[in-house]
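Single-structure report; data block below.
What you see is a predicted model; the values in this text were computed from it and never measured. Sequential numbering from 1 along the given sequence is applied to the chain's residues. Just so you know, these numbers use all the heavy atoms, side chains as well, and skip hydrogens, waters and symmetry mates.
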Amino acid sequence: IDTYKKLNLDCLVVLGGNGSHKTANLLREKGLNVLTLPKTIDNDLVMTDHTPGYGSTAKYVASTLKEIILDATCYAHPSVTIVELMGRHAGWVTAASVLARTEYSRNPYLIYMPEHAFDMEEFKKSLKAALEQETAVVVCVSEGIADKDGRFICEYVKAEFGIKCRSIELNLPQRCSSLLASATDIDEAEKAGKAAVVAALDGETGKMITFERDDTNGYEINYGLADVNDICNKEKKFPAEWITAEGTDISDEYIKYVRPLIQGTNIAEYS
């Protein structure tokens, strides 16, 4: 606050997720002019169709999973590969793993999200059925997925099925790898920034730039405003209706939602 006043700033533009918006709201309450931009790979901010960062992360997850699947399926002996992705409370990042499927592979066979209760016995049945269809099965889970007794999937598979089971955690590259950045992501981030400047010049404060999807004539985004107080301390869960009844897969509605967000490559940066 002292720096804001010392520099005689007109407005502070804050980029970030839930924590950043909580801070922005506190600064607004202290009398500062504040505007915010949604920016989190978790895609869990309310009142916006999506957040910059998520499209690139979804693209990274899908591309990396395809490589993992190629490696996992090149061996003749039965095996299970567990891939852990970010999203302890919201499964948006894990859901993107469904994009790794091709006409040659149904993997990942099973996808588990925090929005659906996990049961180890049901998992056992689903995994057994998957192993009857495929020698090597890839399972994607949101971080921290375990049964009611705290048992994690990988240790259970080794003990119960007696087959090779490896665990892969994608970890930090999910949120910091820019090599596979989506051109849509980059373009929308820039446009959102411009919208924030225009809003600041118009005297707006305490608002977040929102992404409003219009599919009337193909994918299009309009930029609006929402009160920061209505956004901080809230979390947008992955829609329950986009998770199959068994809790092991993702519906086509999600694929329709996410596909426009992963389009294009940031060629200029690497040419």
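Between the side chain of Q174 and the main chain of N171, a donor-acceptor pair closer than 3.5 Å is present. Side chain of N18 to main chain of N233: no donor-acceptor pair is present (N/O by atom type, distance under 3.5 Å, no hydrogens or angles). T51 places a side-chain N or O within 3.5 Å of a backbone atom of T40 that can act as its donor or acceptor partner. With E115 contributing its side chain and F238 its backbone, the two residues share a donor-acceptor pair below 3.5 Å. Side chain of T135 to backbone of P78: no donor-acceptor contact under 3.5 angstrom is found. Although no hydrogens or angles enter the test, the distance criterion places a donor-acceptor pair under 3.5 Å between the side chain of S182 and the main chain of D185. Under a 3.5 Å cut-off, the side chain of D119 and the backbone N or O of E121 do form a donor-acceptor pair. Although no hydrogens or angles enter the test, the distance criterion places a donor-acceptor pair under 3.5 Å between the side chain of E143 and the main chain of G87. Although no hydrogens or angles enter the test, the distance criterion places no donor-acceptor pair under 3.5 Å between the side chain of Y109 and the main chain of A129. Side chain of N25 to backbone of V228: no donor-acceptor contact under 3.5 angstrom is found.
Salt bridge K194/E190: present, at least one basic N to carboxylate O contact under 4.0 Å. R28 has a carboxylate O that lies under 4.0 Å from a charged side-chain N of D227, or vice versa, which qualifies the two as a salt bridge. Checked for salt-bridge contact, K191 and D187 meet the test: a charged N lies under 4.0 Å from a carboxylate O. D71 has a carboxylate O that lies under 4.0 Å from a charged side-chain N of R166, or vice versa, which qualifies the two as a salt bridge. In summary, K207 and E204 engage in a salt bridge, as defined by a charged side-chain N under 4.0 Å from a carboxylate O. Between R106 and D249, at least one side-chain nitrogen of the basic residue sits less than 4.0 Å from a carboxylate oxygen of the acidic one, meeting the salt-bridge criterion.
Counting all heavy atoms, side chain and backbone alike, S97 lies closest to L65 at CB-CG, 4.3 Å. Shortest non-hydrogen contact noted between M208 and P38 is CG-CD, 3.9 Å. Taking each heavy atom of S251 and E241 in turn, the nearest pair found is OG-O, 4.2 Å. Considering all non-hydrogen atoms of both residues, A90 and K236 come closest at CB-O, 3.9 Å. Smallest separation of non-hydrogen atoms from S63 and L180: CB-CD1, 3.6 Å. For T73 against E134, the heavy-atom pair with the smallest separation is CG2-OE2, 4.2 Å.
In the hydrophobic clustering of this structure, I1 does not group with L26; members are Ile, Leu, Val, Met, Phe, Trp, Tyr whose side-chain heavy atoms approach within less than 4.5 Å, directly or through other members. Linking Ile, Leu, Val, Met, Phe, Trp and Tyr whenever their side-chain heavy atoms come within less than 4.5 Å leaves L37 and V197 in two separate clusters. In the hydrophobic clustering of this structure, L9 does not group with V13; members are Ile, Leu, Val, Met, Phe, Trp, Tyr whose side-chain heavy atoms approach within less than 4.5 Å, directly or through other members. The cluster map of Ile, Leu, Val, Met, Phe, Trp and Tyr, joined by side-chain heavy atoms under 4.5 Å apart, puts M113 and V98 in the same cluster. Y4 and V14 end up in the same hydrophobic cluster when Ile, Leu, Val, Met, Phe, Trp and Tyr side chains are linked at under 4.5 Å.
Between the side chains of H50 and E188, a donor-acceptor pair is found at a separation under 3.5 Å. With 3.5 Å as the limit, one finds no donor-acceptor pair spanning the side chains of T48 and T210.
Because its NZ or CZ atom is both nearer than 6.0 Å to the ring centre of Y75 and within 45° of the ring axis, K164 counts as a cation-pi partner of that residue. Geometrically, K237 does not engage W92 in a cation-pi contact defined by less than 6.0 Å to the ring centre and at most 45° from the axis.
The number of heavy atoms from other shown groups lying within 6.0 Å of NZ (K128) does not exceed 12. More than 12 heavy atoms of other residues, nucleotides or ligands lie within 6.0 Å of CZ in R213, so this atom counts as buried by the packing criterion. In this structure, D10 places its CG atom where only 12 or fewer heavy-atom neighbours from other residues, nucleotides or ligands lie under 6.0 Å away. Enclosure of atom CZ in R175 is not indicated, since only 12 or fewer non-hydrogen atoms of other residues, nucleotides or ligands lie within 6.0 angstrom. Around the NZ atom of K22, the shell of radius 6.0 Å holds no more than 12 heavy atoms that belong to other residues, nucleotides or ligands.
In this structure, K39 NZ and I41 CD1 are separated by 8.0 Å, a value rounded to the nearest 0.5 Å. Note: T94 OG1 to M86 CE = 10.5 Å, rounded to the nearest 0.5 Å. From E132, atom CD reaches atom CG of L127 across 10.0 Å, with rounding to the nearest 0.5 Å. From E212, atom CD reaches atom CE of M47 across 9.5 Å, with rounding to the nearest 0.5 Å. To the nearest 0.5 Å, atoms OG (S177) and CG (L179) are separated by 5.5 Å. For the atom pair CG (L12) and CG (L35), the distance works out to 9.0 Å, reported to the nearest 0.5 Å.
Taking the side chain as every heavy atom from C-beta outward, I231 and L45 approach each other to under 4.5 Å. Side-chain contact between V83 and V139: absent, with no pair of heavy atoms (C-beta onward) separated by less than 4.5 Å. Contact check for L110 versus F123: side-chain heavy atoms found under the 4.5 Å cut-off. Using a 4.5 Å heavy-atom cutoff, the side chains of F161 and K124 are in contact. Within the 4.5 Å cutoff, the side chain of I221 has no heavy atoms near those of the D214 side chain. When side chains are defined from C-beta on, Y112 counts as touching T248, because their heavy atoms get closer than 4.5 Å.
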**Study point:** Criterion side-chain contact (heavy atoms from CB on, under 4.5 Å) on D230 and V46, from CA distance to verdict
**Key:** CA-CA 8 Å; D230 295 331; V46 299; over 6 Å; no
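Taking the six-membered ring where tryptophan is involved, the planes of Y257 and W242 are tilted, since the angle between them lies from 30° to 60°.
Residue V93 is tested with L85, N43, L170 for a side chain to side chain contact (heavy atoms under 4.5 Å, CB included); the sole match is L85.
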